[in-house]
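Here is the structure we will look at.
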Amino acid sequence: MTIPLNTIIHGDAPEVLKGIPADSFDSCVTDPPYGLGFMGKAWDKSGIANNVDLWREVLRVLKPGAHLLSFGGSRTYHRMACAIEDAGFEIRDQIMWIYGSGFPKSLDISKAIDKAAGEYVPGEVLPSSRQSAASETGIATSFRTKNGTNPQTDLARQWQGWGTALKPAHEPICVARKPFKGTVAENVLQHGTGAINVDGCRIETQQSRPLIISKNGDSKACFGQGLNNSWQDPAGTILGRFPANVIHDGSDEVTALFPETQSRSSNTPQPIMTSKGIRGGAFGNDAARKPEGHPTHPEYLRGGFDDSGSAARFFYCAKASRDERGPGNNHPTVKPLALIQYLVKLVTPPGGIVLDPFCGSGTLGIAAGKLGMKWQGIELNPKYIEIAERRIEREVGLLLDMEAAHAD
């Protein structure tokens, strides 16, 4: 069966994938159900993300060396990661997406004690956004208030302020790769997969930063000084920072957790002492093993990034806004477009084909389309397919051939 690209196939992911030829995709970026029963949704109780057979099919249709990036829930990530590994993937890393807009879903212990004793005084129930349609997401934004004086009983007062859960503030992303034969370099040349797009995903900076060049000139970096008998080019570089395995939403609540930092000036000599008493750069050097091998470049002992501010500025992605979600989009777990674009760009070669077995409201299709890449989506819920089609057509102008996509 030939399946057209840039379409969403209606069906159950494990079954649909069986009809796709092996080694078809350059990457997979997906957001499967977390298995938490979010908002009472039946599809979030299936446990599909923990299904080894699903990930075996994903593994089969990916090219050797292709990366899989899969979101997970903080409570259920471990089971998903184990299933991915048991399917044959190599777990490479975990990206942490941190945000400040999570809402605590904690049981009030004192309230529960009062209720059990028949003493709880309920508050007035205010109209919520689910009733008033003030929120297109279907997630309530107005909550009940307490008219009564709670807690009521002595036992409840003993446990006032105790709950059962923390506020959700992060979602892990599993970084896995399909095994391959030979070296990474050989696999990249043969299949175009196996590597991540470091330079294409560097964190932008407006400040010139040190450029470190090795003694034999065969490598360059912009993260420190003194590695591999290296020296610092006084011209510096505007290359961004190396992509990290932490991404955040830019909220005040999150950025406040990062300390304000002031790196030392790259124009101020800052020698340090290595374990053998040899002066070196900010990250040490090989002088302890071969002191006579160091260059005498005048900038050699100068180190640091010469910048300041919260470290959080180096990795940032805001949550999806109402405008980004688009009209009529009531999918409860829409991921921000900028985040999905970043992840697709990180693991997909130029012109590559991206798979999303849990397409939801189509953010992956928009992200891939804006990056000039082809993609293939799978979605079980027909209502979400309709939402995804509208969003993708509106954002990137791709007309989906759904009739062909549904062909048996």
Side-chain angles (χ1 to χ4, degrees), residues 27-32 34 36 38 49 67-78 80-81 84 91-103 166-177 195-207 209 222-223 239-261 305 307 309-321 323-325 331-348 354 356 358 360-368 370-371 373:
S27 67
C28 177
V29 179
T30 192
D31 182 24
Y34 294 172
L36 300 172
F38 183 66
H67 281 86
L68 161 67
L69 301 182
S70 181
F71 286 81
S74 59
R75 286 160 43 194
T76 55
Y77 171 88
H78 60 294
M80 181 189 75
I84 290 172
I91 303 297
R92 298 287 296 173
D93 205 337
Q94 179 190 111
I95 297 173
M96 196 66 69
W97 180 39
I98 304 173
Y99 47 84
S101 57
F103 187 80
L166 300 172
K167 174 181 175 178
H170 83 275
E171 292 176 35
I173 304 168
C174 182
V175 182
R177 186 172 67 180
I196 60 175
N197 187 4
V198 172
D199 276 1
C201 293
R202 287 185 181 273
I203 312 304
E204 294 183 2
T205 176
Q206 302 300 319
Q207 297 169 306
R209 308 183 322 105
C222 60
F223 68 102
L239 277 175
R241 291 179 178 270
F242 208 94
N245 58 5
V246 173
I247 300 171
H248 76 98
D249 70 344
S251 63
D252 292 341
E253 184 170 354
V254 172
T255 55
L257 299 176
F258 291 84
E260 288 294 318
T261 58
F305 290 115
D307 55 16
S310 172
R313 72 187 186 278
F314 302 131
F315 21 87
Y316 163 81
C317 180
K319 276 208 165 185
S321 65
D323 288 342
E324 183 177 303
R325 296 174 68 94
H331 195 289
T333 61
V334 178
K335 294 297 184 290
L337 176 60
L339 175 59
I340 301 302
Q341 276 188 269
Y342 178 85
L343 295 176
V344 169
K345 189 176 181 180
L346 181 67
V347 297
T348 313
V354 192
D356 183 359
F358 302 96
S361 61
T363 304
L364 183 281
I366 299 172
K370 287 181 177 292
L371 291 171
M373 298 177 182

For [X] against [Y], the heavy-atom pair lying closest together:
X: E171; Y: F71; result: OE1-CD2, 4.2 Å
X: P32; Y: M80; result: CG-SD, 4.0 Å
X: H67; Y: A195; result: CE1-O, 3.7 Å
X: G72; Y: Y77; result: CA-CD1, 4.3 Å
X: K345; Y: N197; result: O-CB, 3.3 Å

How many angstroms lie between atom [atom1] of [X] and atom [atom2] of [Y], to the nearest 0.5 angstrom?
X: C174; Y: I95; atom1: SG; atom2: CD1; answer: 10.0 Å
X: L346; Y: Q341; atom1: CG; atom2: CD; answer: 13.5 Å
X: L343; Y: I173; atom1: CG; atom2: CD1; answer: 5.0 Å

Under 4.5 Å between any side-chain heavy atoms of [X] and [Y], yes or no?
X: Y99; Y: P336; answer: no
X: D31; Y: F358; answer: no
X: L69; Y: V175; answer: yes

* Going through the distances and angles, do F242 and R202 end up as a side chain to side chain contact (heavy atoms under 4.5 Å, CB included)? -> CA-CA 5 Å; F242 208 94; R202 287 185 181 273; 4.0 Å; yes
* side chain to side chain contact (heavy atoms under 4.5 Å, CB included) between V344 and I340, intermediate numbers included -> CA-CA 6 Å; V344 169; I340 301 302; 4.1 Å; yes
Side-chain donor/acceptor of [X] to backbone N/O of [Y], under 3.5 Å:
X: E324; Y: L337; result: yes
X: K167; Y: G100; result: yes
X: R92; Y: L68; result: no
X: T348; Y: S27; result: no

* Asked: Just wondering, are more than 12 heavy atoms of other shown residues or ligands nearer than 6.0 Å to CD1 in I91?
  ->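 Result for CD1/I91: enclosed.
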* **Enclosure of K335 NZ (heavy-atom neighbours >12, cutoff 6.0 Å)** =>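 Yes, enclosed.
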* To do: Please assess N245 against Q94 for the test side chain to side chain contact (heavy atoms under 4.5 Å, CB included), listing each intermediate value before the final yes or no.
  => CA-CA 7 Å; N245 58 5; Q94 179 190 111; over 6 Å; no
